[in-house]
K.L.:
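Mind having a look at this structure? Questions to follow.
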2 protein chains.
Amino acid sequence: MEQQVRQQRCPTLKDVSAQAGVSIKTVSRVVNGETNVTPALAERVRAAVDSLGYAPDPLASRLRRGRGPIGAVAVVVEDVANPFSAVMHRAVVDAMAARNVVTLSASYDKDPGGERAAVLAFAGRRVDGVILMPTTADHQWLDRLRETGTQIVLVDRPVAGLQTDVVMSDHRAAARRATIHLLRHGHRRIGFLADAPDVHTAAERLAGFDEALRAAAVAARDGLVHEELLGTGEAEQAAIDLLTGEDPPTALLAGQNLLTIGAVRALRRLNLHHRIALVGIDDIPLADLLDPGITVVAQEPERIGALAAQQLLGRIAGDHTPATPHLVPTQLIPRGSGEIPGPFLNAANTPEVSAVEQSQPHF
Amino acid sequence: MEQQVRQQRCPTLKDVSAQAGVSIKTVSRVVNGETNVTPALAERVRAAVDSLGYAPDPLASRLRRGRGPIGAVAVVVEDVANPFSAVMHRAVVDAMAARNVVTLSASYDKDPGGERAAVLAFAGRRVDGVILMPTTADHQWLDRLRETGTQIVLVDRPVAGLQTDVVMSDHRAAARRATIHLLRHGHRRIGFLADAPDVHTAAERLAGFDEALRAAAVAARDGLVHEELLGTGEAEQAAIDLLTGEDPPTALLAGQNLLTIGAVRALRRLNLHHRIALVGIDDIPLADLLDPGITVVAQEPERIGALAAQQLLGRIAGDHTPATPHLVPTQLIPRGSGEIPGPFLNAANTPEVSAVEQSQPHF
DNA sequence: CTGAAAGCGCTAACAT
DNA sequence: ATGTTAGCGCTTTCAG
């Protein structure tokens with residue numbers, strides 16, 4: 001027996017108008033809630049709509065209507081499951097929902113091709129704007145996209161050579177802050193776990209680390225920096241290598257939430273979690289329940305999301321002021337792991353350290 | 001000074017054809033990679049496309065082409081940031097990417113209206129199908145949506161009265177398993193933290209809990225079950241109430257990942273984490289790094305996502321076999337918290353308990 | 001091989 | 001207050 005049709009044509013305006021015995025435009029008016037329709041007719045139309053299960057085709061509508069907001073934006077991030085992205089995403093959803101805008105999203109998961117595909121898919125579907133956490137790769141196509149009217153706001157990091165709105169933490173200050181915290185607690189040999197340096201975020205954080213060391217006149221970071229770490233597993237291995245090598249560090253600084261988790265795992269395995277200090281950049285869930293609690297420099301993802309949403313809505317509404325980077329401050333949260341004392345505890349409060357700590361965010 | 005135009009019309013086929021000096025259709029052919037175009041012409045067209053930055057409008061294309069897959073699906077869940085949803089989502093993205101399908105997504109965050117809005121937004125944007133984690137509310141509109149050709153696969157829980165594909169864990173068996181584990185370790189008074197019972201998931205888990213207790217001839221759950229718990233905070237409070245009340249339980253069973261975290265917090269605050277047993281349903285990140293490690297009955301979100309994706313792709317490709325529920329087994333992972341002994345440790349290996357444990361998943 | 005015409009579902013601009 | 005016409009950007013159908 002042959003399979004029956006799946007060619008289940010959805011009803012169109014024309015179908016409804018035939019059923020209701022009115023013109024196509026009258027139906028359109030009723031559906032769009034325009035005035036100037038006799039209640040009796042409107043009722044008849046409504047009945048036909050219901051009986052046929054008619055739903056307007058927003059794409060055809062948009063096609064004819066031409067440009068203009070359509071009430072949908074998209075969030076495109078590396079991984080919506082990452083705690084940072086998740087909270088940021090949630091803030092965007094909330095801000096948009098309050099204005100009756102739906103928020104769609106996509107993860108590209110380390111694949112720059114996926115990033116492009118996702119953004120273009122959304123743009124093709126005519127979202128009003130995109131909040132994008134960009135990868136490091138080429139973004140020529142972004143420029144072109146903007147020319148076609150899709151608004152873009154970047155989060156977490158800028159794109160080199162692209163003048164766009166961007167909302168992000170002051171990554172450099174965050175790393176500086178974390179480093180100073182460790183210096184103050186008497187550490188001089190600090191291992192740094194970082195991801196790929198071609199990501200702006202990572203580069204900034206490394207720069208902050210170096211700045212703080214230099215200002216405190218602490219020389220060597222040689223051999224203490226592991227870059228290109230791709231995830232929890234690699235960070236764990238890198239930390240183990242550092243701690244079991246020659247002249248190991250007395251403290252660890254993890255450049256990102258996933259790397260922090262790797263560091264925690266490594267310290268556990270070596271049973272050093274009460275002896276080696278650890279500060280993570282980015283907060284991690286349950287950090288306060290671990291033993292010791294994990295000291296972090298936390299970003300404010302909800303604030304970043306809210307600001308990005310606000311900025312995007314402004315652009316969609318026609319704001320044409322020049323693109324501005326927007327830096328959101330970070331906050332150090334001491335929970336125990338970062339306060340484990342190092343060998344130089346007494347010498348720690350050097351003027352240099354204090355001086356750096358008071359330095360303002362760079363703009 | 002007046003703001004300059006933003007009316008930056010995107011180039012159309014017509015623009016390209018004018019620039020290249022060919023007909024509109026020829027451009028269309030080149031863009032769509034059809035054969036039967038003279039290389040010379042094709043080259044001219046390609047040049048024009050590049051110089052104008054032309055990008056085809058997939059919506060207009062779809063409008064004319066009529067129905068047919070478009071290479072995009074959507075995942076709509078309560079909260080993409082929930083660890084379960086996040087991993088499931090990721091599995092879908094991977095499965096789809098392998099077939100060159102982009103995956104869009106949305107969270108509705110406890111708001112059934114948001115759920116509907118998101119699904120309809122995607123459907124309106126003509127995704128080929130939707131993977132949906134449904135709320136408990138009415139889903140009439142889902143039926144109608146399917147009539148218009150949007151394929152739907154449910155995950156994590158079914159919708160009452162709706163015959164659709166659904167991929168989910170055997171929640172009842174999971175709860176039974178967890179309960180038996182605690183019984184076997186000598187617990188008879190087990191506190192159960194559950195969320196809203198009108199969510200199928202929660203109801204099934206409570207049923208599994210009851211089944212195990214009944215089979216083991218353990219009477220009272222009276223006063224030991226807290227339902228309607230909405231999140232970590234409420235679960236923490238409920239656990240504290242249980243443990244500081246009259247005749248407190250010697251073990252806790254948490255019906256869901258967020259509730260498990262609440263339970264952990266409560267035990268910490270009361271300093272009972274080494275004396276009161278805890279088993280969570282759903283795995284939680286870092287569960288192994290806590291002290292004690294958290295024993296859980298873990299789902300397999302990656303498998304659920306992969307199966308849902310496969311099922312959806314099948315439907316999109318025209319599979320018309322009847323809708324089938326698909327149960328994915330769960331797995332108990334002992335990590336310490338669930339093995340804290342209770343007062344009845346010696347009497348634990350009753351035949352009843354063993355009998356239940358061997359019962360098969362219900363289908 | 002290439003092009004002209006018709007129309008997908010909808011709405012803006014005019015009629016009536 | 002309602003209907004008619006034209007056309008959004010594209011592809012199909014059918015002629016050249």
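Predicted model, so just to flag it, every value in this text is computed and none were measured.
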K.L.:
My understanding is that only residues two or more places apart in sequence, or in another chain, count here; which of them pass side-chain contact (heavy atoms from CB on, under 4.5 Å) with B:T201?
P.N.:
B:D156, B:R157, B:H171, B:V199, B:R205
K.L.:
Mark yes when over 12 heavy atoms from residues, nucleotides or ligands other than B:H326 sit less than 6.0 Å from its NE2; otherwise mark no.
P.N.:
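No, not enclosed.
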K.L.:
Apply side-chain contact (heavy atoms from CB on, under 4.5 Å) to A:A60 and list each qualifying residue two or more places apart in sequence or on a separate chain.
P.N.:
A:D57, B:L63
K.L.:
Per the end-axis method with five pairs at each terminus, what is the bend angle of the helix from C:dC1-D:dG16 to C:dT16-D:dA1, to 10°?
P.N.:
40°
K.L.:
Using side-chain contact (heavy atoms from CB on, under 4.5 Å) as the criterion, list what pairs up with A:A123, not counting sequence neighbours.
P.N.:
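For A:A123 the side-chain contact (heavy atoms from CB on, under 4.5 Å) partners, ignoring immediate neighbours, are A:L145, A:T150.
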K.L.:
With nearest nucleotides of DNA chain C determined for A:L63 and B:L41 from heavy-atom distances, which residue corresponds to the more 5′ nucleotide?
P.N.:
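Result of the comparison: B:L41.
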K.L.:
Quick one: list whatever passes side chain to side chain donor-acceptor pair (under 3.5 Å) with A:D79, sequence neighbours left out.
P.N.:
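Residues passing side chain to side chain donor-acceptor pair (under 3.5 Å) with A:D79: none at all.
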K.L.:
Sorted by first residue and then second, give each side-chain hydrogen bond (donor to acceptor under 3.5 Å, both in side chains) pair with at least one member in residues 158-167 of chain A; sequence neighbours left out.
P.N.:
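The answer is A:D165-A:Q311, A:D165-A:R315.
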K.L.:
Among pairs that include at least one residue of residues 30-43 of chain A, which meet salt bridge (Lys or Arg N to Asp or Glu O under 4.0 Å), considering only residues two or more places apart or in two chains?
P.N.:
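Counting only pairs at least two positions apart or across chains, the salt bridge (Lys or Arg N to Asp or Glu O under 4.0 Å) contacts touching residues 30-43 of chain A are A:E43-A:R46.
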K.L.:
Could you tell me whether the phosphate oxygens of D:dG3, OP1 or OP2, come under 4.0 Å of any side-chain nitrogen or oxygen in A:T26?
P.N.:
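Answer yes for this pair, as a side-chain N or O of A:T26 is under 4.0 Å from OP1 or OP2.
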K.L.:
Just the table, please: protein N/O against nucleotides 10-13 of chain D N/O, every pair under 3.5 Å.
P.N.:
unit_1	atom_1	unit_2	atom_2	d
D:dC10	OP1	B:Y54	OH	2.5
D:dC10	OP1	B:D57	N	3.0
D:dC10	OP2	B:L13	N	2.6
D:dT11	OP1	B:N32	ND2	3.0
D:dT11	OP2	B:S28	OG	2.9
D:dT11	O2	B:R64	NH1	3.3

K.L.:
My understanding is that only residues two or more places apart in sequence, or in another chain, count here; which of them pass side-chain contact (heavy atoms from CB on, under 4.5 Å) with A:V87?
P.N.:
A:P301, A:E302
